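The next block holds one structure in the form of structure tokens; read it before the comments.
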Amino acid sequence: HHMLAYLEMFARDRSRFADARARMNESPLGAAALAGTPYPIDRDMTADALGFDRPMANSLDAVSARDFAIEALGAATICATHLSRLSEEIVIWTSAQFGFIALSDKFTTGSSIMPQKRNPDAAELIRAKVGRIMGAMTALTIVMKGLPLAYSKDMQEDKEPVFDAFEALDLALTAMAGMVADMKPNKDRLAAAAGAAYSTATDLADWLVRSLNMPFRDAHHVTGT
């Protein structure tokens, strides 16, 4: 149930990227510098030939907008946040204090000083990527926020952060997929943790409500006592 919660998050990420692609998949060809072209081109034909869904409707918008890139970076940032949260849990789960799971040497390295320690380096590096990806979205948003129409040289700053962010996300997704396949649960430690800390206390309170018709406020107090 815990891992399937992440499945839901990543499924929404896939949906966000698909939505972003649908909006992005318009051809700017024929917009020229900003006002279109006097040559008799067929924009619908060229859009279709290049694999776009349609040509862009406004030539000024075609050369001056970067919201398609910012939207894609937004989806990437949310996805990276999900990866970071799962990475944080993996770091905790592999610690000596928890010991819930183990990772092989493919995704860990030995400590530089402690012989017995295995560091979950892949998870830690994935956890850090969200800063880089979110930074790219922030950088491009700030570049665009005060630009008048139409094209300005400022927009050349869109390439590096976008390419860097998606390279980082691609690497993080690949590493996380490998880690999830690699992790081995420590069933004894997990069972002990599940049975500790009165994890069935809520069930007891609910039982008092159902069986004795006790108000939940009172059942909560009785169980807590």
Side-chain angles (χ1 to χ4, degrees), residues 1-20 22-23 71-108 111 114 116-135 137-138 168-169 172-225:
H1 194 64
H2 192 110
M3 298 304 289
L4 286 172
Y6 284 104
L7 176 66
E8 296 298 324
M9 295 180 209
F10 291 125
R12 289 193 296 272
D13 290 327
R14 288 188 64 170
S15 176
R16 268 185 285 271
F17 282 119
D19 288 345
R23 273 183 289 278
E71 181 181 11
L73 288 172
T77 298
I78 296 171
C79 182
T81 302
H82 294 155
L83 288 168
S84 180
R85 294 182 68 184
L86 181 52
S87 294
E88 170 68 7
E89 300 217 81
I90 290 172
V91 170
I92 293 171
W93 294 341
T94 57
S95 68
Q97 291 80 5
F98 282 76
F100 287 174
I101 64 170
L103 291 169
S104 74
D105 290 342
K106 294 178 183 178
F107 298 97
T108 60
S111 166
M114 292 178 282
Q116 83 286 3
K117 193 169 186 291
R118 179 179 281 178
N119 294 323
D121 283 359
E124 292 174 2
L125 290 168
I126 293 171
R127 189 173 55 182
K129 293 296 183 187
V130 66
R132 189 171 190 156
I133 295 168
M134 184 185 295
M137 182 185 70
T138 302
L169 182 64
L173 285 166
T174 302
M176 181 57 76
M179 249 192 318
V180 170
D182 183 74
M183 66 171 65
K184 298 291 188 293
N186 185 334
K187 294 184 179 181
D188 292 338
R189 290 292 290 270
L190 287 163
Y198 304 102
S199 59
T200 56
T202 302
D203 296 308
L204 175 57
D206 289 336
W207 179 82
L208 291 172
V209 172
R210 292 195 308 269
S211 298
L212 304 182
N213 203 29
M214 185 182 291
F216 186 79
R217 179 190 296 270
D218 297 335
H220 188 284
H221 178 72
V222 169
T223 304
T225 301

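Here the structure is a predicted model, which means the values were calculated and not measured.
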In Å and rounded to the nearest 0.5 Å, what is the [atom1] to [atom2] distance from [X] to [Y]?
X      : Y      : atom1 : atom2 : result
Asn119 : Ser95  : CG    : OG    : 11.5 Å
Arg127 : Asp121 : CZ    : CG    : 10.5 Å
Thr81  : Leu86  : OG1   : CG    : 12.5 Å
Lys129 : Ser84  : NZ    : OG    : 12.0 Å
Met137 : Ile78  : CE    : CD1   : 8.0 Å
Asp13  : Leu83  : CG    : CG    : 7.5 Å

For the residue pair [X] and [Y], what are the closest heavy atoms and their distance?
X      : Y      : value
Thr108 : Pro120 : CG2-CA, 4.0 Å
Cys79  : Phe10  : O-CE2, 4.2 Å
Trp93  : Phe98  : O-CB, 4.0 Å
Gly178 : Phe107 : C-CZ, 3.3 Å
Ala72  : Phe17  : O-CE2, 3.8 Å
Ala76  : Leu169 : CB-CD2, 3.8 Å

Taking side chain to side chain donor-acceptor pair (under 3.5 Å) as the test, write out the residues that go with [X], two or more places apart.
X      : value
Ser104 : Asp182
Asn186 : none
Asp188 : none

Can you tell me which residue pairs pass the side chain to side chain donor-acceptor pair (under 3.5 Å) test with a partner in residues 194-203, sequence neighbours excluded?
none
Can you label the angle between the Tyr6 ring and the His2 ring as parallel, tilted or perpendicular, going by 30° and 60°?
tilted
Okay, side chain of Thr94, backbone of Val91: is any donor-acceptor separation there less than 3.5 Å?
yes
When you measure from the side chain of Arg118 to the backbone of Asp105, do you find a donor-acceptor pair of N or O atoms at a distance under 3.5 Å?
no
Is atom CZ of Arg189 surrounded by more than 12 heavy atoms (other residues, nucleotides or ligands) closer than 6.0 Å?
yes
Residues, nucleotides or ligands: over 12 heavy atoms within 6.0 Å of Arg85 CZ
no
Sequence neighbours left out, what passes salt bridge (charged side-chain N to carboxylate O under 4.0 Å, His left out) with Arg12? Give chain and number order.
none
Tabulate below the donor-acceptor pairs under 3.5 Å that side-chain atoms of residues 213-225 make, not counting sequence neighbours, or state none.
unit_1: Thr223; atom_1: OG1; unit_2: Ala219; atom_2: O; d: 2.8
unit_1: Thr225; atom_1: OG1; unit_2: His221; atom_2: O; d: 2.9

Applying side-chain contact (heavy atoms from CB on, under 4.5 Å) to Ile90 and Met176, what does each step give before you reach the verdict?
CA-CA 10 Å; Ile90 290 172; Met176 181 57 76; 3.9 Å; yes
